[in-house]
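Worksheet for the structure shown next.
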4 protein chains.
Amino acid sequence: MNVHSLIPMEQNPSKKVQILESALELIKENGFHGCPISQVAKQASVAAGSVYTYFESKDEMILELYTYVKTEVAKKISEKDDPKKNFEARFFDLWNNVTSLYREKPAFQSFLDQFSSSPYNTEAVQLECDPLGQWLEAFFKEGVESGQLKALNPKIISIMVLGSLISLVRFTTYFKAKTASAAQDLHLIPQMVWDGIKFQS
Amino acid sequence: MNVHSLIPMEQNPSKKVQILESALELIKENGFHGCPISQVAKQASVAAGSVYTYFESKDEMILELYTYVKTEVAKKISEKDDPKKNFEARFFDLWNNVTSLYREKPAFQSFLDQFSSSPYNTEAVQLECDPLGQWLEAFFKEGVESGQLKALNPKIISIMVLGSLISLVRFTTYFKAKTASAAQDLHLIPQMVWDGIKFQS
Amino acid sequence: MNVHSLIPMEQNPSKKVQILESALELIKENGFHGCPISQVAKQASVAAGSVYTYFESKDEMILELYTYVKTEVAKKISEKDDPKKNFEARFFDLWNNVTSLYREKPAFQSFLDQFSSSPYNTEAVQLECDPLGQWLEAFFKEGVESGQLKALNPKIISIMVLGSLISLVRFTTYFKAKTASAAQDLHLIPQMVWDGIKFQS
Amino acid sequence: MNVHSLIPMEQNPSKKVQILESALELIKENGFHGCPISQVAKQASVAAGSVYTYFESKDEMILELYTYVKTEVAKKISEKDDPKKNFEARFFDLWNNVTSLYREKPAFQSFLDQFSSSPYNTEAVQLECDPLGQWLEAFFKEGVESGQLKALNPKIISIMVLGSLISLVRFTTYFKAKTASAAQDLHLIPQMVWDGIKFQS
DNA sequence: CATGAATGAGAATTCATTCAT
DNA sequence: CATGAATGAATTCTCATTCAT
């Protein structure tokens, strides 16, 4: 007698994640140029055709990868925030958490960076649910409302902070040699940023 | 502090520049994906084969384009600096000059942004002559030495300032709608950045 | 002169017919190109793999579909023939019955037309049981033997009649606009054909 | 000193025809299924990519092939018509010319047949310039106006004549064995058709 | 030097078929 | 028997690069 599966499993979620992680790694190493579906599939140990079981097209896969990465980053960053600390401490925690996350998962940073400056990043994409942006905006809103940050639009603060942070990470990731002379002072950047956004009595 | 063109004058210089500008425009519109040599050549009004008279390969062309753009930007930025003004004024001038330049020549910003986050941007590339980086470093060195900026490595200051600036430009370029609500406060960003780097008495 | 269904009744006969009808519809709409098994299965509300329970391969399915359609057509045409009428009336009845059948079931005509001109239609296929051809041959044989048609090989008459008929239906089906000007005269075609085959005293 | 070509030759016409003839042959042998670009190119002794120098896409190639074949057929048929003969003789000449042409160039007949019943044959395609259809219509118009054919729309007559003819050719081409018994009478078909369309005093 | 037709390796995608559940 | 995820060969098409003119 045949046994019918009782577990409705529309798709194998782990295989989908395997494919996404494989694409992520290839994009980090070789850019969008260097991640043909054939390679993605090989690295994920699936057949090339199987990628199309999970994604309508390669573009769709890249877009889902963006959502995936942003969600993962938002999850990890928000988990580590301790709202009981004072805001200044939370800001430096955030800074350190992001830089460590990117150091641990350089593919996250590299992908987000490449995606953001690529034509994939249309306005339509940005208007979709953005858990990372939302969390950051809420975070800085708290700082403004509690009077610890300058009375600015939290989105503006996000832009400035993230810009500095991305710039810093990009430099340290890509150009270890170049910044060697400056490495000792890199930890002063968050202080500069904090000085820029904190409320000046 | 003027920077002279680095484009060698062998061959037909205007045709070479035509090709570079054509590539620049296509990369802005469609990313690295969307600039096949055939298109670049058509837009530059030359034959596809002729591109190989001026560049060894497509990669070589992209790399030369990077040099070209950085040189152009350095030239325009350095030209507009007035060393007779006080440093704070020069800082805000710089900020405005860069943002206007990118507004006038969005292809410059888009290309630099894409290039920087791409695998083209190897350490070897960065170690080559970088007139823009050099000029900025010299600029901030002056600010530090004259006691108007925090006593930090000028390279570090460059990183932070440029990061904020790129982030700002990227947002305003790509996402007009998204930042509409925040648009009125965008001009406050340079002040934040200045507050972050200025010497605090 | 009734023709019985040739579809064997092993397995679930309705599901087999569902699959055939689904393929028929897709071939009418999109040609042989546009009827992947996945679509056929979806339209028949079965799983793709299930098609292979009923047919050895896709080619086998197409060949069975040919048998199915020819059988259906033969059944409907033979049912409506009234041997008690005189032969001329029966000829015009036949003509009208075929044209109405094709108008009601355009997929029948479209499939037969595509199949006939395709490489599926090998000599081997033609030598198999052909209820439609047999019925027509018998019909025209009667006309010849009763002296109402020219004394020709009935197969030859079939060829000429069916050719005109298929040509007519193809034109009216595919090109409504084109024949608009000629539409009023289309009903004269059977008369021309009859004039061509009738015994000339 | 270099010699610039003085002959403006947008494309190599013979190579384009080579490709078309190659596709024609493959479609005759294997149908639309069996003519992948790779095979077409190989048989035409060009690289696969070169096909795209001459045609925008495979579909475009098929459509141009249709135009090519119809034009060739129209040319050959019209060349052999002798307007000085009486109309009945010209009709039998036409019939013989078409059947011999199709016997000499079976790929023409096979392609036209397959194309006509395929989804390529849209109304838009039919509304394009159709030299063969136009020539035939003009031919039969002459017959009607000179009182030698029934007073019908010449398009209608074309439909009937071509239908019989295609049907005949299809049978003789595909099924030599089947019609063996009938072969001796095949030459009587044009007489039947003529009897169907001629003016009956 | 300029041209652009020709090349062919490689990319995205499809789809008939299989097989573990 | 039914399912549909998985497969991978085959297909269409692109594009960097070459080379005869």
Side-chain angles (χ1 to χ4, degrees), chain A residues 1-12 15-16 33-42 45-61, chain B residues 11-12 15 33-42 45-61, chain C residues 11-12 15 33-42 45-61, chain D residues 1-7 9-12 15-16 33-41 45-61:
Chain A
M1 198 177 110
N2 285 317
V3 179
H4 294 278
S5 172
L6 296 174
I7 306 156
M9 189 160 41
E10 220 183 81
Q11 281 173 334
N12 187 335
K15 205 164 271 186
K16 188 168 186 173
H33 280 77
C35 78
I37 292 291
S38 57
Q39 291 289 315
V40 171
K42 186 181 288 178
S45 306
V46 299
S50 300
V51 173
Y52 293 84
T53 306
Y54 297 98
F55 306 98
E56 291 242 321
S57 66
K58 189 184 176 182
D59 277 12
E60 207 60 46
M61 184 189 77
Chain B
Q11 303 149 331
N12 187 334
K15 209 167 265 187
H33 281 75
C35 79
I37 291 289
S38 59
Q39 290 285 316
V40 171
K42 185 184 285 176
S45 306
V46 299
S50 300
V51 173
Y52 291 83
T53 305
Y54 297 97
F55 306 97
E56 289 247 320
S57 68
K58 190 185 177 182
D59 278 11
E60 207 58 46
M61 185 190 77
Chain C
Q11 304 148 331
N12 186 335
K15 208 168 264 187
H33 281 76
C35 79
I37 291 289
S38 58
Q39 290 285 315
V40 171
K42 186 183 286 177
S45 306
V46 299
S50 300
V51 173
Y52 291 83
T53 306
Y54 298 97
F55 306 97
E56 290 246 320
S57 67
K58 190 184 177 182
D59 278 12
E60 207 57 47
M61 184 190 77
Chain D
M1 196 176 109
N2 285 320
V3 180
H4 293 280
S5 173
L6 296 176
I7 306 155
M9 189 161 40
E10 220 183 83
Q11 281 174 333
N12 187 335
K15 204 163 272 186
K16 188 168 186 173
H33 279 78
C35 78
I37 292 290
S38 57
Q39 291 290 315
V40 172
S45 306
V46 299
S50 300
V51 174
Y52 293 87
T53 306
Y54 296 97
F55 306 97
E56 291 242 321
S57 66
K58 190 184 175 181
D59 277 14
E60 207 60 46
M61 185 189 76

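Quick note on labels: first sequence line is chain A, next is B, and so on, each numbered from 1.
Within the structure, every side-chain polar atom (N or O) of Thr53(D) is placed at least 4.0 Å from both OP1 and OP2 of dA5(E).
Among the protein residues, Val46(D) comes within range of the sugar-phosphate backbone only, with heavy atoms under 4.0 Å from sugar or phosphate atoms but none that close to a base.
Taking all atoms of both residues into account, the shortest heavy-atom contact from Pro36(D) to Gly34(D) is CD-C, 3.3 Å. Of all the heavy atoms in Cys35(A) and Val40(A), the pair that sits closest is O-CG2, 3.8 Å. Of all heavy-atom pairs spanning Ala41(A) and Ala48(A), the tightest one is CB-CA, 3.6 Å.
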Both distances under 3.5 Å, Watson-Crick or G-U wobble: on that basis, could you give the dot-bracket string for DNA chain E, with [ ] for crossing pairs and | for other-strand partners? .||||||||||||||||||||
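Rounded to a whole Å, the NZ atom of Lys16(A) is 14 Å from the C1' atom of dA5(F). When the P atom of dA10(F) is taken as reference, atom CD of Gln39(D) falls 11 Å away, rounded to whole Å. When the C1' atom of dT7(F) is taken as reference, atom NZ of Lys42(A) falls 16 Å away, rounded to whole Å. In this structure, CZ of Phe55(D) is placed 12 Å from P of dA6(E), rounded to the nearest angstrom.
Between Ala47(B) and Val51(D), the residue whose closest nucleotide on DNA chain E is further toward the 5' end is Ala47(B).
Here Ser45(B) pairs with nothing under the side chain to side chain contact (heavy atoms under 4.5 Å, CB included) rule; sequence neighbours left out.
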B/S/- contact track for nucleotides 12-17 of chain F, protein heavy atom under 4.0 Å: SBB-SB
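Side chain of Lys15(C) to main chain of Tyr54(C): no donor-acceptor pair is present (N/O by atom type, distance under 3.5 Å, no hydrogens or angles).
Of the candidates dA2(F), dT7(F), dT7(E), dA2(F) carries the atom nearest the Lys15(C) side chain, counting heavy atoms from C-beta on.
To the nearest 0.5 Å, atom NE2 of residue His33(B) and atom NE2 of residue His33(A) are 6.5 Å apart.
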